[in-house]
Every structure is written in structure tokens, then in C-alpha cells.
There are 2 protein chains.
Amino acid sequence: MSKTPLRPPLSEEVVAKLQSAVAKGRWKVGDRIPAEPELMAEMGVSRGTLREAIKALASTGIFEVRRGDGTYVRATSEISGTAQRVYRDHSDQDVLQVRFALDTQSARLAAKAADAKVVEQLRALLGQRSEAWGNRDYPAWAKADWKFHLEVARASGVPLMHEIYESFGDVFHGTKMVQRLADGFDGCLHEGHESLVDAIEAGDPEAAARTVIKNLDYCMSWMP
Amino acid sequence: MSKTPLRPPLSEEVVAKLQSAVAKGRWKVGDRIPAEPELMAEMGVSRGTLREAIKALASTGIFEVRRGDGTYVRATSEISGTAQRVYRDHSDQDVLQVRFALDTQSARLAAKAADAKVVEQLRALLGQRSEAWGNRDYPAWAKADWKFHLEVARASGVPLMHEIYESFGDVFHGTKMVQRLADGFDGCLHEGHESLVDAIEAGDPEAAARTVIKNLDYCMSWMP
DNA sequence: TCACGTTTAAACATTAGACGTTTGATGTTT
DNA sequence: AAACATCAAACGTCTAATGTTTAAACGTGA
């Protein structure tokens with residue numbers, strides 16, 4: 001008797017199919033996916049198996065199942081779904097404190113891994129940031145600011161640092177920040193950001209960290 | 001007709017029960033939970049519902065289901081489950097860099113929130129740490145060291161900081177660290193930890209941060 | 001026409017039972 | 001002792017039926 005080549009659980013295969021369908025854009029965020037009977041036929045599995053797969057993706061935040069209505073796509077990846085759920089249970093200030101922890105270490109590491117090309121890119125982003133502020137285009141300013149900090153995290157040379165840092169994006173993107181900053185805020189120290197890049201270029205980790213801390217302390221003083 | 005008070009899905013209730021059971025320590029990491037029929041009876045639900053709940057927790061990394069064998073606890077919370085999956089794809093050094101980011105900020109915040117009672121507890125943990133090192137009981141030393149750092153994170157007064165920090169626990173708990181440290185390592189600066197507590201007690205954030213950085217740089221020099 | 005209650009079809013929720021597959025342990029043979 | 005055969009326990013999957021909830025369609029009266 002020849003042994004069957006060891007079958008992995010069908011439900012996992014279904015999870016993979018659904019997840020890739022979402023990732024490939026077959027259904028976009030907000031869409032309702034086909035009803036269970038239809039998916040059963042398409043995937044060729046029973047209802048229980050399909051439901052287990054859907055439940056799994058729902059628990060990671062990718063799907064939201066609404067009884068009597070249907071199943072909707074709520075996120076495109078697991079990390080953003082989990083991060084949102086974790087952050088949601090904490091205050092904005094607390095989330096910022098963690099983000100700041102990563103900011104400081106990123107700056108320190110980026111200074112150690114100083115790279116002319118990266119420095120140039122950072123200066124370019126700072127240019128956009130400054131320009132947007134000049135035009136009073138606050139959404140553009142927020143976007144440029146975020147891209148700058150994200151780039152510093154990448155420059156740390158630690159992919160995990162960048163990945164976690166990125167998970168904050170969905171939380172801060174266009175939220176209260178922009179609104180609060182609009183009235184009376186002075187752009188969170190343009191010079192502060194310049195001197196951060198200077199420190200990175202000079203390869204001085206401690207100066208870079210000091211600069212970040214100075215900026216952040218100032219920023220925090222504007223938060224409620 | 002009076003409306004029934006809107007019942008949430010049973011499976012979610014089961015998810016909550018299982019999750020809290022894990023959180024409360026009824027089953028520890030590595031344990032095998034009771035078989036499906038037994039849990040069905042205990043929770044009072046059908047097999048399908050129970051399996052959906054288990055599948056949900058498995059997809060977050062809290063459970064691992066092994067066909068033909070049983071279901072095992074692999075993490076104590078969702079964040080640690082996700083974290084493990086995320087960390088697995090990165091080097092130990094990279095994970096450490098992130099942990100260090102949190103260490104530094106925790107120390108800074110702890111110094112600002114200086115509290116006599118917490119300081120006393122930290123000193124007590126340092127005592128255990130030092131004693132274990134003297135007895136060459138490396139597992140106990142590692143445990144005490146971990147508890148100390150975890151307590152600093154808690155002392156930051158930012159629950160999210162402690163939560164994320166804790167997610168590193170399952171990764172480092174009794175792993176290569178201990179083995180590597182055993183040969184030729186000198187305990188990662190006992191005085192360094194003392195002076196950290198001193199800085200926290202004095203309420204000097206910058207001194208606390210400096211101390212941590214000094215300790216960590218030294219520690220990193222022992223890593224491959 | 002508009003507002004509001006009712007009906008209805010669609011979709012998810014749950015249960016029950018049966019059978020298949022895989023795994024780890026046990027016992028047997030060599 | 002090592003290799004093999006057997007067995008019970010546990011998870012994997014399927015089928016079928018019924019209950020609950022939702023959103024939309026419908027209809028009626030103001």
C-alpha cells in the first residue's frame with residue numbers, strides 16, 4: 001500500500017486561499033465576500049471547514065462576520081489588524097510613548113549605519129515636509145513627516161524596527177494629530193529634524209538620540 | 001413580543017473563556033488542553049462551535065492544534081502570539097535592538113514616575129538576581145533578570161509598554177541566552193543595574209537612560 | 001408623497017451524528 | 001535492544017437540519 005503523501009489540514013488551505021484573495025485585491029476593504037454556500041462550492045469544502053477558516057481570519061481582524069448580513073473585509077494584512085486592536089485599548093499618549101522609544105533607538109542606529117544615499121533621501125523628505133508646512137497643507141505635512149520618521153526607522157538597518165514602526169501608521173494616519181496640530185502648533189521644530197539628519201550624517205549616535213528626545217519632549221508638551 | 005436581549009455569538013463567548021483560562025494560568029505554555037469532547041461538556045456547546053473558537057485562538061498563536069495528538073498552549077496572549085510569529089522572521093540581534101528601544105524609554109519614564117515602593121521592589125529583585133549569580137544558578141539568574149527588566153517596564157506607567165515588553169518573554173525565556181551567557185560572561189554588570197535603580201530613585205531620566213545604554217552596549221558586545 | 005410598521009428572503013449560528021486520518025503509546029517479534 | 005504491528009485517542013471533515021438575525025422589499029395610512 002502506497003502511503004498518501006500526508007495531507008495538510010484543508011482548513012489551512014482555505015485560510016491561505018481567502019487571505020491571498022484579499023491580498024490580491026479580489027475583494028477590497030469594506031466589500032462583502034460571497035455567502036457561505038457559494039464559497040463552499042468554490043473551495044470545494046464543507047460548511048464547517050469553511051467557517052473555521054473564516055473564523056480564523058476574523059480573529060486576526062481581516063474579516064468581520066455580521067450575523068444575518070454577511071462577511072466583510074476589514075483589513076488587508078494580519079499585522080495591521082492586530083496592531084489596531086492592541087493599540088485601541090490604550091491612550092494616544094501611551095502609544096506615542098512606545099513609538100518614541102522606537103524613534104530614539106532608530107535614530108541611534110541610523111547614525112551608526114550612516115549612509116550618504118539615505119541621508120540625501122532624508123533631506124529630500126524634509127524638504128517636502130517643510131514645503132507642505134509653508135503651504136499650510138497640513139495633510140501633506142503629516143504625510144511627509146510620517147514618511148520621514150518611517151525612513152529613519154528603515155535607516156536603522158533593523159527590518160523589525162521598521163516593520164513595527166510601520167504598524168503605527170494606520171493608527172496615526174490622518175487622525176486627531178493633524179487637527180490638534182493645526183491650531184497654534186509651529187510644525188514640531190523643523191530645525192530639530194534638520195539637526196537629526198546632521199547627527200546621522202556625522203555618525204554621532206548620542207547626538208542623534210539627544211535631538212530626537214528634545215523634539216519629542218517638545219511635541220509631547222503639545223499633547224493633552 | 002418582547003425582544004430577546006440580543007445574544008452575542010456563542011463562539012465568541014467560548015473564545016473569551018478559553019483566553020481567560022490561559023491568561024489565568026489554568027493551562028501554562030506547553031500544556032495540552034483537554035480534548036474536544038471534554039471541553040464541549042464543560043462549555044456546554046457543540047463541537048463545531050468549540051472548534052471555531054479554538055481555531056480562532058490558534059490563528060492568533062495562542063494555541064497550536066496537532067491532529068491526532070491534541071491542542072497545546074503556545075502563548076499567553078494575542079500580542080505574544082503574534083509577536084512570536086513576527087519575531088521568528090528576524091534575527092535575535094534585531095529583536096534585541098527593539099527590546100533595547102523599549103528598555104531605554106522605560107527607564108526614562110520610570111525615573112520620571114519615581115515611586116519609593118517600586119524602587120524597593122526593584123532592589124529586592126536585584127538582590128535575587130545577584131544571589132542567583134553568586135550561586136551559579138543561571139536559570140534563576142535569567143528569571144530574576146527578566147523580572148527586573150519587566151518591572152522597570154511596568155514602572156514606566158505605560159501599560160502598553162509593559163504589554164509589548166512582556167511579549168518578548170516567550171521568545172527569550174530559557175533560550176540560547178542562558179547558554180551563551182554561561183561561558184565567560186560576567187553577569188551583565190550588576191553595578192550597572194544598581195545605578196539604574198539609583199537613577200530612577202533620584203528621578204533623573206537622562207541618567208537612567210544613559211545607564212541602560214551603557215549596560216546594553218556592553219551586553220551587545222557579548223552577542224555573536 | 002412620505003413615514004412607519006410588517007413581511008420575507010437571505011445569511012450567519014448552532015446542533016447532532018457519522019466516518020476518515022493521524023499520532024503516540026503499547027506490545028510483540030526478531 | 002531494535003524494528004515492526006496493533007490499537008485507542010484525538011483531531012479533521014462531511015452531511016443535514018433547524019434556529020436567529022439582518023437588511024431590504026412591501027404595503028398601508030396620513
Side-chain angles (χ1 to χ4, degrees), chain A residues 1-19 21-22 26-27 29-75, chain B residues 1-19 21-22 26-27 30-75 81:
Chain A
M1 260 193 290
S2 72
K3 281 190 300 185
T4 316
L6 223 82
R7 183 161 36 100
L10 255 186
S11 58
E12 279 187 19
E13 199 177 316
V14 176
V15 167
K17 279 185 186 177
L18 290 173
Q19 194 157 15
V22 171
R26 172 178 170 185
W27 310 305
V29 174
D31 283 359
R32 182 175 68 182
I33 71 175
E36 288 168 355
E38 192 171 335
L39 287 176
M40 285 169 61
E42 179 182 331
M43 310 272 188
V45 298
S46 76
R47 182 127 182 258
T49 302
L50 174 65
R51 279 179 59 82
E52 281 182 12
I54 291 178
K55 255 312 207 261
L57 292 178
S59 82
T60 68
I62 291 181
F63 286 156
E64 178 192 353
V65 184
R66 297 177 53 171
R67 165 165 44 183
D69 182 5
T71 299
Y72 294 80
V73 179
R74 287 288 176 252
Chain B
M1 262 193 285
S2 70
K3 283 188 300 185
T4 316
L6 222 82
R7 185 161 34 100
L10 255 186
S11 59
E12 278 187 20
E13 201 175 315
V14 176
V15 166
K17 280 185 186 175
L18 291 173
Q19 195 157 14
V22 170
R26 173 178 170 185
W27 310 304
D31 283 359
R32 182 175 66 181
I33 71 176
E36 287 168 356
E38 193 172 334
L39 287 176
M40 285 169 58
E42 179 182 330
M43 309 273 186
V45 297
S46 74
R47 191 158 170 228
T49 302
L50 174 65
R51 280 179 59 82
E52 281 181 12
I54 291 177
K55 211 53 176 206
L57 292 177
S59 84
T60 69
I62 292 180
F63 286 156
E64 179 192 352
V65 185
R66 297 176 49 170
R67 163 164 43 181
D69 184 2
T71 299
Y72 294 79
V73 179
R74 288 288 177 251

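Naming: A, B, ... by sequence-line order, numbering from 1 per chain.
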Problem - Face-on cation placement of B:R66 at B:Y72 ring, 6.0 Å and 45° thresholds - result: yes

Problem - Rounded interatomic separation in angstrom, taking CD from B:E13 and C1' from D:dT20 - result: 16 Å

Handout entry: Note: A:R32-A:D69 ion pair, threshold 4.0 Å (strictly below)
Key = yes

Completion exercise
Heavy atoms of B:T60 and B:L57 approach each other most closely as OG1-O, 3.0 Å

Handout entry: Euclidean distance, atom CD of residue A:E38 to atom C1' of C:dA10 [Å, nearest integer]
Key = 13 Å

Completion exercise
Contact string for nucleotides 5-18 of chain D, one letter per nucleotide 5' to 3', B = base within protein heavy-atom range under 4.0 Å, S = sugar-phosphate only, - = neither, reads -----BBBBBB-B-

Name every donor-acceptor pair, under 3.5 Å, that has one atom in a side chain of residues 47-56 of chain B and the other anywhere in the protein, sequence neighbours excluded.
{"unit_1": "B:R47", "atom_1": "NE", "unit_2": "B:E36", "atom_2": "OE1", "d": "2.7"}
{"unit_1": "B:R47", "atom_1": "NH2", "unit_2": "B:E36", "atom_2": "OE1", "d": "2.9"}
{"unit_1": "B:T49", "atom_1": "OG1", "unit_2": "B:S46", "atom_2": "OG", "d": "3.4"}
{"unit_1": "B:R51", "atom_1": "NE", "unit_2": "A:E52", "atom_2": "OE2", "d": "2.7"}
{"unit_1": "B:R51", "atom_1": "NH1", "unit_2": "B:E36", "atom_2": "OE2", "d": "3.0"}
{"unit_1": "B:R51", "atom_1": "NH2", "unit_2": "A:E52", "atom_2": "OE1", "d": "3.3"}
{"unit_1": "B:R51", "atom_1": "NH2", "unit_2": "A:E52", "atom_2": "OE2", "d": "3.2"}
{"unit_1": "B:E52", "atom_1": "OE1", "unit_2": "A:R51", "atom_2": "NH2", "d": "3.3"}
{"unit_1": "B:E52", "atom_1": "OE2", "unit_2": "A:R51", "atom_2": "NE", "d": "2.7"}
{"unit_1": "B:E52", "atom_1": "OE2", "unit_2": "A:R51", "atom_2": "NH2", "d": "3.2"}
{"unit_1": "B:K55", "atom_1": "NZ", "unit_2": "A:S11", "atom_2": "OG", "d": "2.8"}

Check residues 12-19 of chain B and write down every donor-acceptor pair under 3.5 Å in which the side-chain atom is one partner and the other belongs to a residue at least two apart or another chain.
none

Problem - Whole-Å distance separating the CD atom of A:E64 from the P atom of C:dA11 - result: 17 Å

